[in-house]
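Everything numeric here is computed off the predicted structure, so don't read it as measured data.
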Amino acid sequence: MAISQTKKILLIEDDKPTVKIVKLMLEQEGYEVSVAGDGEKAIEALKNPADLILLDLLIPKIDGFQVLKIIRQEKKLKLPVVVFSNLSRQRDIEQAAELGANDYLVKSEFSAGKLKQKINNFFNAK
């Protein structure tokens, strides 16, 4: 079944190979994907809200933790934020949750199927 209205995903990621792989994979699933390569561009991109944000924490200019804080406090956006990061320490995962992340995926444990399933779950839960 095709997605009735194309869901928009904002991918906040600075690693070009990761962007290429994830963007292609999500577009093949039928999602519209926009990319912000640093924290400043991510904040700017929030003017055109997506349906879900996929957020790396280790990004230039404004780190992902600050971006998450801005999304939740300043912008008061309720949309799902899935952290997609190399940071795997429990402290980082807990901090992201405290700041309002809905889910957390560690890149080293990433598989295409796992990422697709997590994102599809957010849209099917509505």
Side-chain angles (χ1 to χ4, degrees):
M1 181 172 106
I3 299 168
S4 55
Q5 182 185 354
T6 303
K7 297 291 186 184
K8 296 179 179 123
I9 296 174
L10 172 58
L11 173 60
I12 303 171
E13 171 65 68
D14 64 317
D15 181 67
K16 288 182 177 31
T18 302
V19 167
K20 192 173 181 180
I21 292 166
V22 172
K23 187 174 191 296
L24 179 65
M25 182 190 68
L26 293 173
E27 286 173 344
Q28 286 175 340
E29 283 291 298
Y31 297 112
E32 184 182 314
V33 182
S34 56
V35 178
D38 64 51
E40 287 178 358
K41 288 183 179 128
I43 301 305
E44 185 66 26
L46 295 174
K47 291 178 182 171
N48 303 311
D51 297 298
L52 181 138
I53 295 175
L54 198 54
L55 173 66
D56 184 14
L57 296 174
L58 300 173
I59 52 176
K61 298 186 181 175
I62 302 173
D63 73 32
F65 289 114
Q66 281 302 115
V67 170
L68 184 53
K69 192 181 282 186
I70 290 166
I71 289 168
R72 294 301 190 225
Q73 292 177 352
E74 290 179 27
K75 302 288 184 187
K76 297 193 176 15
L77 296 174
K78 303 289 183 224
L79 58 136
V81 177
V82 177
V83 171
F84 185 55
S85 179
N86 281 321
L87 297 179
S88 59
R89 294 179 311 197
Q90 192 60 35
R91 192 174 90 219
D92 297 318
I93 296 168
E94 288 167 4
Q95 182 180 357
E98 286 166 14
L99 291 171
N102 298 84
D103 211 335
Y104 200 105
L105 264 177
V106 177
K107 286 181 187 175
S108 62
E109 300 165 7
F110 154 77
S111 73
K114 194 183 228 182
L115 181 60
K116 282 190 238 181
Q117 181 182 16
K118 284 216 185 258
I119 290 172
N120 289 334
N121 287 345
F122 277 104
F123 292 128
N124 294 333
K126 287 185 176 179

Spacing of [atom1] belonging to [X] relative to [atom2] belonging to [Y], to within rounding of 0.5 Å:
X	Y	atom1	atom2	answer
Arg91	Glu98	CZ	CD	11.0 Å
Lys118	Leu52	NZ	CG	11.5 Å
Asn86	Glu109	CG	CD	10.5 Å
Lys8	Leu79	NZ	CG	12.5 Å
Glu32	Lys23	CD	NZ	9.0 Å
Asn102	Leu55	CG	CG	11.0 Å

Donor-acceptor pairs are to be reported for all side-chain atoms of residues 9-18 against protein atoms at under 3.5 Å, with residues two or more places apart or in another chain.
{"from": "Glu13", "atom 1": "OE1", "to": "Lys107", "atom 2": "NZ", "distance (Å)": "2.6"}
{"from": "Glu13", "atom 1": "OE2", "to": "Asp15", "atom 2": "N", "distance (Å)": "2.9"}
{"from": "Glu13", "atom 1": "OE2", "to": "Lys107", "atom 2": "NZ", "distance (Å)": "3.2"}
{"from": "Asp15", "atom 1": "OD2", "to": "Thr18", "atom 2": "N", "distance (Å)": "3.1"}
{"from": "Asp15", "atom 1": "OD2", "to": "Thr18", "atom 2": "OG1", "distance (Å)": "2.4"}

### Message
Any non-hydrogen side-chain atom of Ser85 less than 4.5 Å from a side-chain atom of Tyr104?
### Response
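With C-beta onward as the side chain, the pair touches.
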### Message
Taking the side chain as everything from C-beta on, heavy atoms only, tell me whether Ile43 gets closer than 4.5 Å to Glu74.
### Response
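The answer is no; the side chains never approach within 4.5 Å.
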Group every Ile, Leu, Val, Met, Phe, Trp and Tyr by side-chain heavy-atom contacts under 4.5 Å, then state whether [X] and [Y] land in the same group.
X	Y	answer
Phe122	Leu68	no
Leu77	Leu57	yes
Leu99	Phe84	no
Leu26	Val19	yes
Val82	Phe123	yes

Provide the closest heavy-atom pair for [X] versus [Y] in the form atom of the first, atom of the second, distance.
X	Y	value
Ile59	Gly64	CG1-N, 3.7 Å
Val83	Ala96	CG2-CB, 4.0 Å
Val67	Ala42	CG1-CB, 4.2 Å
Asp51	Lys7	OD2-CA, 3.3 Å
Gln66	Ile62	CB-CG2, 3.4 Å
Met25	Ala112	SD-CB, 3.3 Å

### Query
Is there a donor-acceptor pair closer than 3.5 Å between any side-chain N or O of Asp92 and the backbone N or O of Ser88?
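Answer holds: no.
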### Message
Using the rule given for side-chain contact (heavy atoms from CB on, under 4.5 Å), can you reason through Leu115 versus Leu54, listing the C-alpha separation, both sets of side-chain angles and the distance that settles it, and then say yes or no?
### Response
CA-CA 10 Å; Leu115 181 60; Leu54 198 54; 4.0 Å; yes
